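First comes the structure, then the notes that go with it.
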Amino acid sequence: VASGQNTYLLVPNAPNFQPLVEMLQRQKIALSQLNAPVTLKATRIDGDTAESHLFPAGTVLVSTRQPLGGLAQTLLEKSPVFTKGYVEEQQKRTHSDEPDEFYDLTSWSLPLAMNVEAWVTATPVTGETHPYAASAIPAFRAAPYGYLIDGNDPNVYRAAGRMLRDSVRFNVSDDVLTVNDRNFARGSLVILKGNNKPDVDAALERLVHDTGVAVLPVDSGWTGATSFGSSKIHFVKDPRIALVGGQKVNATSYGMLWHTLDIDTPLPHTNLSAESLRNIDLSKFGVIVLPDGDYGDRFGKNAEKLKSWLSGGGTLVVIKGASSFLREKEVEISKLKPWEAPKKKDDEKDKDKSPSTPEMYNDYRVPGATFRTAMNSHSYLTFGVPRSPFVLIEGSHAFLQVSHTVDNVVTIEKEKPLVAGVAWNESLDRLKGSIYLVSEPYGRGQVITFADEPHFRLFWRGTLPLFMNAVLYSPSFPRE
């Protein structure tokens with residue numbers, strides 16, 4: 001599809017639809033919106049074949065036939081176009097055991113990064129349109145009984161963090177709620193006035209003003225469908241989050257997570273230095289986050305201190321390489337198994353003495369590519385993710401699924417896993433079916449592992465809810 005002749009269509013059915021549109025507006029890219037439903041032949045941003053599709057009213061159109069059309073194309077296109085012969089040259093270098101020359105990521109499509117349904121067509125769009133205008137935030141109205149915040153609201157986690165800070169007591173639903181003939185997604189927040197201080201109305205009015213979250217008033221406990229006393233409604237405990245940084249902790253990984261918890265999506269938390277872990281009282285915390293890094297003996301001999309904390313109900317959230325010490329023979333907190341090349345059978349060994357996979361100085365790495373996933377849509381860890389997210393993988397490691405299927409919360413698809421960017425066949429072989437997010441029980445606690453950064457450079461927002469759920473809700477959903 002010729003880049004100067006494209007129209008991208010962004011469908012208004014995802015939590016990050018509005019944040020994506022606002023991001024494009026900040027770049028001064030012209031946007032329009034369908035007045036009524038229109039059927040067009042277009043190609044999904046994650047697909048290869050054009051098909052006829054009905055686009056609803058409110059769909060945002062982004063034409064590349066505008067002064068900033070080149071920028072729009074760069075931000076929205078599925079994959080960038082490389083100079084002829086460049087990718088082939090990098091493949092030759094990799095197979096020759098030389099480091100590749102990819103400077104950075106090979107995939108950065110915003111619809112994929114933000115998990116927003118998007119399509120592209122080179123055919124002119126004939127439906128009536130109007131310049132895009134954001135929907136007004138509903139004015140706050142005090143309610144006699146309580147309030148609801150939809151789990152797919154783009155500001156739901158900011159709202160949760162603010163309520164924790166202000167000591168507003170709230171619950172989260174692990175099932176769809178139906179109130180006044182409207183469905184609220186899994187992960188919706190329930191605030192009951194009877195459980196809070198008399199000033200809760202004023203606190204929530206400030207919340208709406210400061211975060212832009214939509215708060216629906218509930219006039220009575222009778223909804224006709226949902227009981228707020230249901231076992232599906234969980235009181236949200238103060239998670240008491242600790243984020244670890246310091247020596248041997250990857251500064252970039254730490255920085256992304258710190259900025260997430262402190263600025264982007266603020267949650268009350270404590271910053272700890274890795275050097276202090278031996279001496280600190282871990283019982284002060286319900287969740288400890290380890291960014292990518294080397295933690296070795298930071299928790300003392302054989303990590304006995306960490307084991308005791310986990311057994312008592314703690315949640316350890318580890319990112320990328322931070323999980324390696326958990327698998328050491330003397331520790332054995334995690335049973336995750338890294339991918340290994342298949343070994344030759346005995347009869348093959350007799351015929352061929354060479355190793356099944358040649359040893360390499362430069363392993364087959366993925367230079368930042370996008371992959372399809374499958375997810376457990378019943379886990380609290382997937383609140384706020386209405387469809388399986390596209391994940392960014394950067395590096396050479398992959399982990400096999402654990403034995404209990406329910407614990408493999410997000411996995412990379414086995415069939416056609418690569419969506420966009422560059423990944424060699426050798427990398428694809430190890431990534432097919434591998435885990436992206438896994439939860440392993442340990443005593444009354446758990447270890448939650450992310451195979452890669454869940455909020456890469458603060459723009460890969462499609463996987464951000466997975467991380468926020470892990471740190472915010474884990475103490476409220478203890479392993480039985």
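The model shown is predicted, which means the values in this text are computed figures rather than measured ones.
Residues passing the side chain to side chain contact (heavy atoms under 4.5 Å, CB included) test with A14, sequence neighbours excluded: V116. In this view, D264 and R461 satisfy the side chain to side chain donor-acceptor pair (under 3.5 Å) rule, not counting sequence neighbours. Judged as a side chain to side chain donor-acceptor pair (under 3.5 Å), and not counting sequence neighbours, the contacts of R162 are D166, D210. Under the rule for a side chain to side chain contact (heavy atoms under 4.5 Å, CB included), the partners of N250 that lie at least two apart in sequence or sit in another chain are T252, S253, D292. S334 is linked by a side chain to side chain contact (heavy atoms under 4.5 Å, CB included) to L326, R327, L336, E440, counting only residues two or more places apart in sequence or in another chain. By the side chain to side chain contact (heavy atoms under 4.5 Å, CB included) test, S379 pairs with N376, L381, T382, V409, sequence neighbours left out. N13 pairs by the side chain to side chain donor-acceptor pair (under 3.5 Å) definition with E117, not counting sequence neighbours. Every residue meeting the side chain to side chain donor-acceptor pair (under 3.5 Å) condition with R457, not counting sequence neighbours, appears here in chain and number order: D104.
Around the NZ atom of K335, the shell of radius 6.0 Å holds no more than 12 heavy atoms that belong to other residues, nucleotides or ligands. Counting non-hydrogen atoms of neighbouring residues, nucleotides and ligands closer than 6.0 angstrom, the NE2 atom of H397 reaches no more than 12 such neighbours. Residue R444 places its CZ atom among 12 or fewer non-hydrogen atoms of other residues, nucleotides or ligands, all under 6.0 Å distant.
No side-chain heavy atom of P67 sits less than 4.5 Å from a side-chain heavy atom of K28. At least one side-chain heavy atom of R365 sits less than 4.5 Å from a side-chain heavy atom of F102. Taking 4.5 Å as the limit, every side-chain heavy atom of Y145 sits out of range of all side-chain heavy atoms of K193. When side chains are defined from C-beta on, I448 counts as touching L437, because their heavy atoms get closer than 4.5 Å. Taking 4.5 Å as the limit, every side-chain heavy atom of V172 sits out of range of all side-chain heavy atoms of S476. A 4.5 Å side-chain heavy-atom check between P144 and S220 finds every atom pair outside the cut-off. A 4.5 Å side-chain heavy-atom check between M375 and V385 finds at least one atom pair inside the cut-off. The shortest distance between side-chain heavy atoms of K337 and F399 does not fall below 4.5 Å.
Here the CG-OG1 distance, from D48 to T43, works out to 8.0 Å after rounding to the nearest 0.5 Å. Taken to the nearest 0.5 Å, the CZ atom of R141 stands 12.5 Å off from the CD atom of E205. Annotation: the span from L207 atom CG to R158 atom CZ amounts to 11.5 Å, rounded to 0.5 Å. Atoms CZ and NE2, on F140 and H209 in that order, are 13.5 Å from each other to the nearest 0.5 Å. Going from atom CD1 of I233 over to atom CG of D174 covers 7.5 Å, rounded to the nearest 0.5 Å. With rounding to the nearest 0.5 Å, the separation of CZ in F459 from CG in L75 is 10.0 Å.
Using a 4.0 Å cut-off between charged side-chain N and carboxylate O, R240 and D238 make no salt bridge.
Contact record, P111 with A118: CB-CB, 3.6 Å, taken as the closest heavy-atom pair. The shortest non-hydrogen separation linking V287 to V471 is CG2-O, 3.6 Å. Here the closest non-hydrogen pair linking L418 and G421 is CD2-O, 3.8 Å. In terms of heavy-atom proximity, G433 sits nearest to T411 at O-CB, 4.4 Å. Across every non-hydrogen atom of Q446 and S439, the tightest pair is OE1-OG, 2.6 Å.
Checking side-chain atoms of T121 against main-chain N and O of K41 turns up a donor-acceptor pair under 3.5 Å. For the pair Q66 (side chain) and S63 (backbone), a donor-acceptor distance under 3.5 Å is present. Side chain of T463 to main chain of P454: a donor-acceptor pair is present (N/O by atom type, distance under 3.5 Å, no hydrogens or angles). The backbone N or O of M114 lies less than 3.5 Å from a partner atom in the side chain of N16, making a donor-acceptor pair. Within the 3.5 Å criterion, the main-chain N or O of L76 finds a donor-acceptor partner in the side chain of S109.
A side-chain donor-acceptor contact under 3.5 Å links S474 and Y380. Checked by atom type, the side-chain pair Y8/E77 shows no donor-acceptor distance below 3.5 Å.
Among residue pairs with one or both ends in residues 15-68, those qualifying as ring-ring contact (aromatic ring centres under 6.0 Å, His included) are H53-F55, H53-W119, F55-W119; sequence neighbours excluded. Applying the salt bridge (Lys or Arg N to Asp or Glu O under 4.0 Å) test to every pair with at least one member in residues 405-421, sequence neighbours left out, gives these pairs: D407-R479.
Just one of L204, L148, N171 meets the side chain to side chain contact (heavy atoms under 4.5 Å, CB included) condition when paired with I191; it is L204.
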Can I get a per-line list of side-chain donor-acceptor pairs under 3.5 Å for residues 122-138, giving both atom names and the distance, sequence neighbours left out?
residue, atom, partner, partner atom, Å
H130, ND1, Q33, O, 3.4
H130, ND1, N35, OD1, 2.4
H130, NE2, Q33, OE1, 3.4

Identify all side-chain donor-acceptor contacts of residues 212-219 below 3.5 Å with residues at least two apart in sequence or on another chain.
none

### Task
Evaluate the criterion ring-ring contact (aromatic ring centres under 6.0 Å, His included) for residue pair H455 and F467; output intermediate values, then yes/no.
CA-CA 8 Å; H455 195 195; F467 173 73; 8.3 Å; no
### Query
Stepwise, does the salt bridge (charged side-chain N to carboxylate O under 4.0 Å, His left out) test hold for K197 with D199?
CA-CA 5 Å; K197 298 177 182 178; D199 64 351; over 6 Å; no
